[in-house]
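Basis for what follows: all heavy atoms, side chains included, without hydrogens, waters or symmetry-related copies. Start at 1 and go down the list; that is how both ligands and their atoms are numbered.
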Amino acid sequence: MAFPIHRMRRLRRSEGIRRIVRETKISIDDLISPIFVVEGTNVKREIKSLPGNYHLSVDKLIPEATVLFKKGIPAVILFGIPEKKDEFGSGAYNEDGLVQKAVKVLKANIPDLIVITDLCLCEYTSHGLCGILTNNYIDNDKTLRVIEKVSLSHANAGADIIAPSGMIDGVVKTIRGVLDENSFYNTLILSYSSKYASAFYGPFREAVKSASIKVDKRTHQMDFSNSDEAIREVAIDIEEGADIVMVKPALAYLDIISRLREKFNIPIAAYNVSGEYAMIKSAAEKGLIDEEKAIIEVLTCIKRAGTDLIITYFAKDVAKILKESA
Ligand code: PBG
């Protein structure tokens, strides 16, 4: 492989050559767009902490989701932002709750758009933690009993995929059990299997008005110093019945994605989280980086690490960029 027989630069000489040897390409098919549902009617309000994303009331969902679907984005993930929260997160399993209504409307109007529901109690609890507390500690098994009800309400509404994001032990097994008992054999589970306690969720917590903006989630979300633990988390979730596993956040965790890719033969998702979005947005606003180039680079590299699908606030931008460059 020695010079001068081999000149690696030959493979980079022109865009045509680069195109035919390119190993990874980001495609619109890989992307999932988050949607934030709020109460009220006729609400479409830009989210300050996530510019370019909106708080939408249920009646405003169809126009926005239609735009996404027409651009070729195959899937959305729903987050509900209820006005009333309580200690038990009971709003999360209201059959007539925001997420449940949103799923019904979306599936009735755009049946081919894949609807994923994020399943966590933190948007519904007054304390902002992801479960039911006993002595200020998330009571794992009590929380599972609530999650049973939430997952059934999502499936009843017609969700295609349920995505538990609370890092509660046994959650995949619990959800699969409830779904199968109620004949929802074909409802998928996308587990946030290795979700780290991260500083990069700031803009999201602001966007969902979660009481958890400053809450410490380190007793359930993973320690960012660990990598072997992610392998164990994913192995357990696969055993419990997860169809797709996820790593979150994405950018500082590409090594985790790549280890999982080598080890497991299952679709892997990554969540390109709000803080990662905000960093690109703010740097671009200051004129420090080229926004479009940074978006494509970051998403391509997340895919190169080994992901099959990516949840990203940039989905609409990517559709536009890819269309322009086609
Ligand atoms: C939990 C949840 C969070 C995010 C997605 N689902 C917040 C948290 O764990 O505190 C963060 C997503 C992002 O930052 O973009 N419901």
Side-chain angles (χ1 to χ4, degrees), residues 31-38 47-55 75-82 85 89 91-93 97-99 102 116-132 138 143 146-147 150-151 154 159 161-168 171 175 189-224 233 245-253 269-282 295 298-299 302 309-315:
L31 306 181
I32 299 165
S33 189
I35 289 190
F36 295 93
V37 195
V38 294
I47 303 173
K48 272 201 204 93
S49 62
L50 288 168
N53 292 266
Y54 296 87
H55 281 142
V76 295
I77 181 162
L78 297 180
F79 296 97
I81 310 171
K85 306 184 193 246
Y93 53 85
L98 279 176
V99 166
I116 307 171
T117 53
D118 178 272
L119 194 168
C120 191
L121 298 187
C122 69
E123 291 96 354
Y124 300 86
T125 50
S126 42
H127 43 73
L129 276 165
C130 312
I132 307 303
I138 297 176
T143 301
V146 180
I147 287 175
V150 185
S151 55
H154 289 187
I161 304 180
I162 294 177
S165 66
M167 293 302 281
I168 302 300
V171 72
I175 295 177
I189 299 175
L190 186 176
S191 179
Y192 285 63
S193 307
S194 19
K195 174 172 179 177
Y196 287 85
S198 168
F200 289 95
Y201 307 148
F204 172 95
R205 290 188 189 167
E206 182 78 38
V208 298
K209 301 188 189 104
S210 167
S212 67
I213 291 178
K214 291 205 166 61
V215 158
D216 185 351
K217 296 196 175 181
R218 287 177 298 175
T219 73
H220 55 300
Q221 298 181 347
M222 283 177 57
D223 183 338
F224 52 73
E233 281 282 7
V245 295
M246 184 150 70
V247 175
K248 174 185 174 192
L251 289 182
Y253 299 83
Y271 200 138
N272 176 215
V273 298
S274 59
E276 298 170 336
Y277 178 81
M279 285 197 296
I280 290 187
K281 281 281 170 195
S282 341
I295 292 172
V298 155
L299 294 174
I302 294 173
L309 30 150
I310 306 172
I311 301 178
T312 177
Y313 304 98
F314 287 121

* Atoms in ligand 1 with a heavy atom of Glu123 nearer than 4.0 Å -> 16 (N)
* Sub-4.0 Å heavy-atom contact, Tyr313 with ligand 1 -> yes
* Asked: Cys122 heavy atoms, cut-off 4.0 Å: which ligand 1 atoms fall inside?
  -> 1 (C), 16 (N)
* To do: Tell me which part of Val208 gets within contact of ligand 1: side chain, backbone, both or neither, using heavy atoms under 4.0 Å.
  => neither
* Asked: Which residues pass the side-chain contact (heavy atoms from CB on, under 4.5 Å) test with Val146, sequence neighbours left out?
  -> Tyr93, Leu121, Ile132, Val150
* Within the side chain of Ser198, is there an N or O that forms a donor-acceptor pair under 3.5 Å with the backbone of Phe200? -> yes
* **Closest to atom 1 (C) of ligand 1 (judged by heavy-atom distance), picking from Arg205, His220, Glu276, Lys195** => Lys195
* Report the residues that fulfil side-chain hydrogen bond (donor to acceptor under 3.5 Å, both in side chains) with Gln221, sequence neighbours left out, ordered by chain and then residue number. => none
* Structure fact -> So the atoms of ligand 1 within less than 4.0 Å of a heavy atom of Lys217 turn out to be 8 (C), 9 (O), 10 (O)
* Asked: Does Lys195 make a cation-pi contact with Tyr271 (under 6.0 Å, within 45 degrees of the axis)?
  -> no
* Glu276 (side chain) donor-acceptor with Leu251 (main chain) under 3.5 angstrom -> yes
* **Contact partition for Ser274 relative to ligand 1, non-hydrogen atoms under 4.0 Å** => both
* Taking it one step at a time, do Met167 and Met222 satisfy side chain to side chain contact (heavy atoms under 4.5 Å, CB included)? -> CA-CA 8 Å; Met167 293 302 281; Met222 283 177 57; 3.8 Å; yes
* Structure fact -> Under 4.0 Å from one or more heavy atoms of Lys248, ligand 1 contributes atoms 2 (C), 3 (C), 4 (C), 5 (C), 6 (N), 11 (C), 12 (C)
* To do: Under 4.0 Å from a heavy atom of Gln221: give me the atoms of ligand 1 that qualify, with their elements.
  => 8 (C), 9 (O)
* Asked: For ligand 1, is any non-hydrogen atom under 4.0 Å from Tyr271's backbone (N, CA, C, O), its side chain (CB onward), both, or neither?
  -> side chain
* To do: List the steps, then state whether side chain to side chain contact (heavy atoms under 4.5 Å, CB included) holds for Glu123 with Ile81.
  => CA-CA 6 Å; Glu123 291 96 354; Ile81 310 171; 5.7 Å; no
